[in-house]
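Taking it in order: structure first as structure tokens, then the write-up.
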Amino acid sequence: MLDIKLIRENPELVKQRLATRGRGDEARVAEIATLDEKRRKLATESDNLKSERNKVSKEIGVAKSKGQDAGPSMAAMKQVGDKIAALDQEIATVEAQLQNVLLVIPNLPHESVTVGKEAADNPEMRRWGTKTEFAFQPKPHWEIGEKLGMLDFARAAKISGSGFILYKGVGARLERGLINFLLDLHTTQHGYTEIFPPFLIKRDAMIGTGQLPKFEEDMYRLRDDDLYLAPTAEVPVANLHREEILREDQLPINYCAYTPCFRRESGAAGRETRGMIRVHQFDKVEMIKLVKPENGYNELEKMTANAEKVLQLLGLHYRVILLCTGDMGFTSAKTYDIEVWAPGQNSYLEVSSCSNTEEFQSRRANIRFKDAQGKNRFPHILNGSGTALARLYVALLETYQQADGSVKLPEVLASYLGGQTHIC
RNA sequence: GGAGAGGUGGCCGAGUGGUUGAAGGCGCCGGUCUCGAAAACCGGUAUAGGCUCAUGGUCUAUCGAGGGUUCGAAUCCCUCCCUCUCCGCCA
């Protein structure tokens with residue numbers, strides 16, 4: 001959520017920066033300003049009446065204790081009370097309207113983000129490794145995995161429909177091993193504290209991290225209980241400190257968490273339907289940081305490096321791109337995507353997205369910290385995949401496939417696979 | 001799921017309709033004292049919003065959440081949430 005004071009005091013700046021996203025959100029700034037002004041005017045009026053009522057009510061108390069008649073004052077205050085009730089009703093309506101708009105306005109892009117319209121405008125920051133050379137035509141992961149008995153898409157569909165994965169035997173063990181590999185890496189090498197959160201999420205928490213109210217149709221919801229399936233660990237973990245005032249010495253907070261991620265992919269029907277590149281349920285290890293605002297962008301670089309380390313250790317070729325203003329997510333002020341090379345697809349796959357949401361989420365979730373001057377401030381909240389599992393799995397199978405159809409996985413995974421890295 | 005108890009400021013804990021934003025204690029900050037520290041004593045110590053702006057002032061709201069009664073609600077009524085104890089059920 002944007003700071004209403006910023007909109008009030010600097011509407012032109014807000015409009016300009018929203019415009020760089022190319023979604024027309026800047027058109028609603030005037031509407032916000034109008035509602036804000038209306039609310040303040042009504043509130044002032046109401047506050048003045050309340051002040052009068054408080055004062056007179058005290059006098060009534062004093063008069064009554066002395067045995068004096070306070071009838072006329074009481075009648076007058078009854079009138080005032082009715083006026084207050086009417087005003088407060090009106091205020092609540094305006095407030096709700098204001099919130100409705102404010103909650104669907106995206107974050108302002110950071111100055112360092114390239115202005116652009118779409119994915120094609122995203123600048124590439126760097127590459128690591130090279131595309132694997134094959135002496136044969138590399139196969140897609142679904143062929144490799146099904147032949148080796150690691151993956152069974154047909155039976156997954158039998159249970160849950162299309163867009164679900166069933167891992168089997170060593171395939172299941174690889175998924176489990178990768179989760180442990182990632183958590184071990186981030187907790188022991190990168191200084192993150194592991195969290196294992198609930199997967200069912202209350203509506204308030206979904207609003208806190210920005211999935212709601214705007215992206216309701218992308219979320220799985222349990223209608224009987226008004227709970228949502230976590231679309232990413234970012235939601236439960238970033239909400240962990242909601243409504244709290246942290247001490248400055250608690251920052252930075254670095255959390256990482258494994259969760260399955262549930263996504264309806266409602267707008268993506270027909271896209272990448274084959275295999276496990278776009279699915280309704282996938283595993284992910286997520287990194288979340290709460291940091292002092294002055295460290296936000298430094299920490300974003302560190303977090304991105306932490307995600308890159310995963311691919312480096314696994315020997316997977318990747319590139320890092322900076323999302324341009326038009327391609328960035330709703331909550332983000334700056335995002336790096338890491339894309340791993342998948343030879344069987346002959347394309348790069350997004351396995352990580354590292355973002356600084358600045359104060360956007362901390363303001364929504366009302367997470368603050370008390371600084372050295374005793375002032376409460378909003379920390380920057382960052383999130384980054386470290387990494388998404390399904391696509392990492394794809395890259396591993398496709399990169400390390402052999403001519404005979406077997407797969408030779410990197411040695412760093414040996415201890416997670418009972419020593420077996422050659423799957424055949 | 002059933003029965004009961006309870007949710008008050010950073011913490012503990014008073015408070016059943018009238019200057020209660022809230023006693024008291026602890027903690028914390030500042031000061032006095034001291035060579036220094038402790039003790040003692042004095043003072044201060046919530047959050048959000050509006051107006052005003054002189055680092056200040058002022059008004060409003062907030063005692064789990066929301067609604068109601070009343071001139072006036074932490075205190076009374078209703079709904080919901082959460083915690084604890086016992087029973088049931090269950091992995």
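Just so it is clear: chains get the letters A, B, ... in the order the sequence lines come, proteins before strands, and each one is counted from 1.
- Across all strands, M77(A) comes closer than 4.0 Å only to sugar-phosphate atoms, never to a base (heavy-atom distances).
- Proximity of L382(A) to N356(A): side-chain heavy atoms (C-beta onward) are separated by under 4.5 Å at one or more points.
- The pairing partner recorded for C89(B) is none, the criterion being a Watson-Crick or G-U wobble arrangement whose two distances lie under 3.5 angstrom.
- Under the Watson-Crick or G-U wobble criterion, with both distances below 3.5 Å, G18(B) is paired with C71(B).
- When the nearest nucleotides of RNA chain B are assigned to N376(A) and M74(A) by heavy-atom distance, the more 5′-ward of the two goes with N376(A).
- One interatomic measurement links the two molecules: CD of E9(A) to P of C53(B), which rounds to 14 Å at whole-angstrom precision.
- Pairing partner, U55(B): none, since no Watson-Crick or wobble contact has both distances short of 3.5 Å.
- Looking only at distances, a side-chain donor or acceptor of N122(A) sits under 3.5 Å from a matching main-chain atom of C324(A).
- With a cut-off of 3.5 Å on both pairing distances, the Watson-Crick or G-U wobble partner of G24(B) is C12(B).
- With contacts defined as side-chain heavy-atom distances shorter than 4.5 Å, the pair D226(A)/R221(A) qualifies.
- Looking at the side chain of N54(A), the nearest of the listed nucleotides C51(B), U60(B), C71(B) is U60(B).
- Rounded to an integer number of Å, the gap from CD1 of I367(A) to C1' of U47(B) is 16 Å.
- If you take CZ of R377(A) and P of A48(B), they are 13 Å apart, rounded to a whole angstrom.
- Counting only heavy atoms from C-beta outward, the side chains of M206(A) and F215(A) never approach each other to under 4.5 Å.
- Counting non-hydrogen atoms under 4.0 angstrom, K370(A) reaches the backbone sugars and phosphates but no base.
- A donor and an acceptor atom, one from each side chain of Y297(A) and H380(A), are nowhere located under 3.5 Å apart.
- Nearest to the side-chain atoms of K58(A) among the listed nucleotides C71(B), G49(B), U19(B) stands U19(B).
- As rounded to the nearest Å, G57(B) and U45(B) have P atoms that lie 11 Å from one another.
- U62(B) is paired with A46(B) under the criterion used here, namely a Watson-Crick or G-U wobble arrangement in which both key atom distances are under 3.5 Å.
- Remark: the separation of the P atoms in G18(B) and C76(B) is 12 Å, to the nearest Å.
- With Q402(A) contributing its side chain and Y400(A) its backbone, the two residues share a donor-acceptor pair below 3.5 Å.
- Remark: the separation of the C1' atoms in A39(B) and G31(B) is 16 Å, to the nearest Å.
- Look at CD on E52(A): it is 13 Å from P on A61(B), rounded to the nearest Å.
- One C1' atom belongs to C63(B), the other to G21(B), and the distance between them is 9 Å to the nearest Å.
- Residue T44(A) is classed as a sugar-phosphate contact, given heavy-atom separations below 4.0 Å to backbone atoms only.
- In this structure, R8(A) reaches the sugar-phosphate backbone alone: every heavy-atom distance under 4.0 Å involves primed, P, OP1 or OP2 atoms, never a base.
- The residue N48(A) sits apart from the nucleic acid: no heavy atom pair falls under 4.0 Å.
- E194(A) and Y258(A) are not linked by any side-chain donor-acceptor pair at a separation below 3.5 angstrom, with hydrogens and angles left out of the test.
- The pairing partner recorded for U32(B) is A40(B), the criterion being a Watson-Crick or G-U wobble arrangement whose two distances lie under 3.5 angstrom.
- Distance, D204(A) CG to C80(B) P: 18 Å, rounded to whole Å.
- Nearest nucleotide to the R39(A) side chain, out of G49(B), U60(B), U47(B): G49(B).
- Remark: the separation of the P atoms in G1(B) and U60(B) is 43 Å, to the nearest Å.
- Minimum atom distance to the side chain of R40(A) is reached by C51(B), of the listed C51(B), U60(B), C71(B).
- Atom CG in D82(A) sits about 9 Å away from atom P in G72(B), given to the nearest Å.
- One can place CG of L49(A) at 16 Å from P of C71(B), the figure rounded to the nearest angstrom.
- On the C1' atoms, G13(B) is 10 Å away from C26(B), given to the nearest whole Å.
- At least one donor-acceptor pair closer than 3.5 Å links the side chain of E398(A) to the backbone N or O of Q345(A).
- Rounded to whole Å, the separation between the C1' atoms of G10(B) and G68(B) comes to 33 Å.
- Nearest nucleotide to the side chain of K78(A), out of C51(B), C71(B), U47(B): C71(B).
- Where S73(A) and A43(A) meet RNA chain B, the nucleotide closest to each residue was compared, and A43(A) sits on the side nearer the 5' end.
- Going from the C1' atom of C78(B) to that of U85(B) covers 26 Å, rounded to whole Å.
- Nucleotide A48(B) holds its C1' atom 13 Å from the CG atom of D3(A), rounded to whole Å.
- You'll find that the side chain of R368(A) is closest to A48(B), out of A61(B), A48(B), C59(B).
- Here the nucleotide nearest the side chain of K5(A), chosen from G49(B), C59(B), C71(B), is G49(B).
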